[in-house]
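To keep things clear, I will list the structure first and then write my remarks on it.
Computed over heavy atoms, backbone and side chain alike; hydrogens, waters and symmetry mates excluded.
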Amino acid sequence: MVFQVRVTQTAKTEIDAAYSWLRERNPVYADKWFRELMNTIATLQEKPKRCALAPENDLFTKEIRQLIYGKSRNKYRILFEIRDDTVFVLHARHSSQAPLTAEEVYEEEE
């Protein structure tokens, strides 16, 4: 089964912020990072359940999984939810960021 992949506005904003930060420091790397990130997200079209449950899973009412993108200190956690035949990318968080809090999750589910 092939899934549609949709990136939420929250995730787009987080991706844009990370890209802007990288672009200020290294424009060539930032462009490569962005292309590879989007290609990685696109892999969720097939077998999204291959990804582990996210540490925040217990805070959500629905199952939340994570896809890891990057290497060493530059890893990002792509948090997503599967609804029917669609994968919704909820967040793109740097691995050094703390997990989502219950308050952040609650605001999203309202």
Handout entry: Side chain proximity check, I15 to V89, heavy atoms < 4.5 angstrom
Key = no
Handout entry: Separation of R23 CZ from D31 CG (nearest 0.5 Å)
Key = 5.0 Å
Fill in the blank from the handout: Of all heavy-atom pairs linking F80 and P48, the shortest is CZ-O, 3.4 Å
Handout entry: Basic-acidic side-chain contact under 4.0 Å: R65, E56
Key = no
Practice task
Evaluate the side-chain proximity of L53 to I64: yes if any heavy-atom separation is below 4.5 Å, no if none is.
Solution key: no
Problem - Lys NZ or Arg CZ of R35 over W33 ring: under 6.0 Å, within 45° - result: no
Practice task
Give, for atom CE of M38 and atom OG1 of T43, the distance between the pair rounded to the nearest 0.5 Å.
Solution key: 11.5 Å
Exercise for the section: Give a yes or no answer on whether the side chain of T86 reaches the backbone of Q4 with a donor-acceptor pair at less than 3.5 Å. Expected result: no
Exercise for the section: Could you tell me whether the side chain of F34 reaches within less than 4.5 Å of the side chain of L22, counting heavy atoms only? Expected result: no
Problem - Closest contact, heavy atoms only, V7 versus K12 - result: O-CE, 3.3 Å
Problem - For the student: nearest non-hydrogen atoms of L90 and E14, plus distance - result: O-OE1, 4.4 Å
Exercise for the section: May I ask you to test the K75-S96 pair for a side-chain heavy-atom distance under 4.5 Å? Expected result: no
Exercise for the section: Look only at the side chain of R93 and the backbone of A98, and say whether a donor-acceptor pair between them is shorter than 3.5 Å. Expected result: yes
Problem - More than 12 heavy atoms of other groups within 6.0 Å of Q9 CD - result: yes
Practice task
Indicate yes or no for a side-chain donor-acceptor contact from D85 to the backbone of F3 under 3.5 Å, with no hydrogens or angles considered.
Solution key: no
Exercise for the section: Taking the side chain as every heavy atom from C-beta outward, state whether Y76 and I68 have any atom pair closer than 4.5 Å. Expected result: no
Completion exercise
Heavy-atom closest pair (Q66 atom, L79 atom, distance to 0.1 Å) is CB-CD2, 3.7 Å
Practice task
Give a yes or no on whether the backbone of R73 and the side-chain of H94 come within a donor-acceptor separation of less than 3.5 Å.
Solution key: yes
Exercise for the section: Side-chain contact test, heavy atoms from C-beta onward, threshold under 4.5 Å: evaluate it for R83 versus F88 and give yes or no. Expected result: yes
Exercise for the section: Drop me the distance from S20's OG to R25's CZ, to the nearest 0.5 angstrom. Expected result: 10.5 Å
Practice task
State, with a plain yes or no, whether a side-chain heavy atom of T40 is found less than 4.5 Å away from one of I78.
Solution key: no
Practice task
Could you check if a side-chain atom of V87 sits within less than 4.5 angstrom of a side-chain atom of Q45, using non-hydrogen atoms only?
Solution key: no
Fill in the blank from the handout: Interatomic distance, NZ@K47 vs CE@M1, rounded to 0.5 Å, equals 14.0 Å
Handout entry: Over 12 non-hydrogen atoms of neighbours within 6.0 angstrom of CG in D84
Key = no
Problem - Derivation and outcome, side chain to side chain donor-acceptor pair (under 3.5 Å), residues N39 and Y69 - result: CA-CA 10 Å; N39 288 338; Y69 165 69; over 6 Å; no
Exercise for the section: Working to the nearest 0.5 Å, report the span between CD of Q97 and NE2 of H91. Expected result: 10.0 Å
